[in-house]
Amino acid sequence: MRKPLIAANWKMYKIPAEATAFIGAFLPLVASQEKTEIVLCPSMTSLAVSLEATKGTQVHIGAQTMDWHDNGAFTGETSPVMLNAIDVTHVLIGHSERRQYFNETDETVNHKLKAALAHKLVPIVCVGEHKADRESGRTNDVLKKQLTVGLQGIDPAAAAPLVIAYEPVWAIGTGLTATPQIAEDAHKFIRAQIAEILSPAIAASTRILYGGSVKPDNAASLCCLENIDGALVGGASLDPTSFAQLIANSSI
Ligand code: PEP
């Protein structure tokens, strides 16, 4: 059984006071939500207050990125050791905005994934094709490369926490959503790749999230498919009522 996971990617929004206010409003709305693992990924400066505000609840806090070194002369970076020290439990790796604006590659994704697993963080590894890839029929080639390089050298025995987020780049923040069929086909392909690269057992237990303009009104049609185990949500996670509604709708 794969427990559904819904993660909020707040990107570069919400100062600490706004994160605290969100969580204050959000917690009562999801108090009875036990079927779904809920993760909020605030900006680095809002991690501490978010951890404090969710202490003792079922809501987890994740980082939006991290470096793969434990420490060192890497100005501006945050290490897995630092995330561990404040009790962050999850981390997004290789989000398409990180790949587009901060030069992240499949190779850096691989380093980060190994570091996250070594430090017992739940890695949410983002993959997905651009519009031009889909239009030229290259979607599966792109996904295969992202996974082959991204998961290279991962010990299947240590890979159980792995989560993949399939996020077609053309659907992120655009209001365009993959049809349930497009999403399910991509998720099925990703699961088959994980079986080849890691093992069939890991493939069967790995949660694969869909991301790309998920909203309260389309969550049910996407999250109920055989190979879709939840969602990574940007825009619709910024408002507590909307995000709680999305979670409720996804678990109908
Ligand atoms: C995201 O940031 O990962 C994302 C999917 O954004 P949105 O839901 O706004 O498309």
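- Exactly one of Val125, Asn110, Leu121, Thr108 qualifies for a side chain to side chain contact (heavy atoms under 4.5 Å, CB included) with Ile93. That residue is Val125.
- With sequence neighbours excluded, the residues satisfying side-chain hydrogen bond (donor to acceptor under 3.5 Å, both in side chains) with Asp185 are Gln181.
- For the salt bridge (charged side-chain N to carboxylate O under 4.0 Å, His left out) condition, the pairs that include at least one residue of residues 43-66, sequence neighbours left out, are Glu52-Lys55.
- For Asn140, the side chain to side chain contact (heavy atoms under 4.5 Å, CB included) partners at least two apart in sequence or on another chain are Leu143, Phe189.
- Considering only residues two or more places apart in sequence or on other chains, Trp68 meets the ring-ring contact (aromatic ring centres under 6.0 Å, His included) condition with His111.
- Residue Asp141 qualifies as enclosed at atom CG: its count of foreign heavy atoms under 6.0 Å is above 12.
- Residues satisfying the side chain to side chain contact (heavy atoms under 4.5 Å, CB included) test with Asn103, not counting sequence neighbours, are none.
- Here His90 pairs with His60 under the ring-ring contact (aromatic ring centres under 6.0 Å, His included) rule; sequence neighbours left out.
- For the ring-ring contact (aromatic ring centres under 6.0 Å, His included) test, residues two or more places apart in sequence or in another chain that qualify with Phe22 are Trp10, Phe26.
- There is no path of hydrophobic side-chain contacts, each under 4.5 Å, that joins Ile164 to Val39.
- Residues that satisfy the ring-ring contact (aromatic ring centres under 6.0 Å, His included) test with Tyr13, not counting sequence neighbours, are absent from this structure.
- The side chain to side chain contact (heavy atoms under 4.5 Å, CB included) search around Ser136 returns Arg138, not counting sequence neighbours.
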Under 3.5 Å, sequence neighbours excluded: what are the donor-acceptor pairs made by side chains of residues 73-82?
residue	atom	partner	partner atom	Å
Ser79	OG	Asp70	O	2.9
Ser79	OG	Val81	N	3.3
Ser79	OG	Met82	N	3.2

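- Partners of Pro16 by side chain to side chain contact (heavy atoms under 4.5 Å, CB included), not counting sequence neighbours, listed by chain and number: Thr45, Ser46, Val49.
- Within the structure, every pair that satisfies the side chain to side chain donor-acceptor pair (under 3.5 Å) test and touches residues 191-201, not counting sequence neighbours, is listed here: Arg191-Asn227, Arg191-Asp229.
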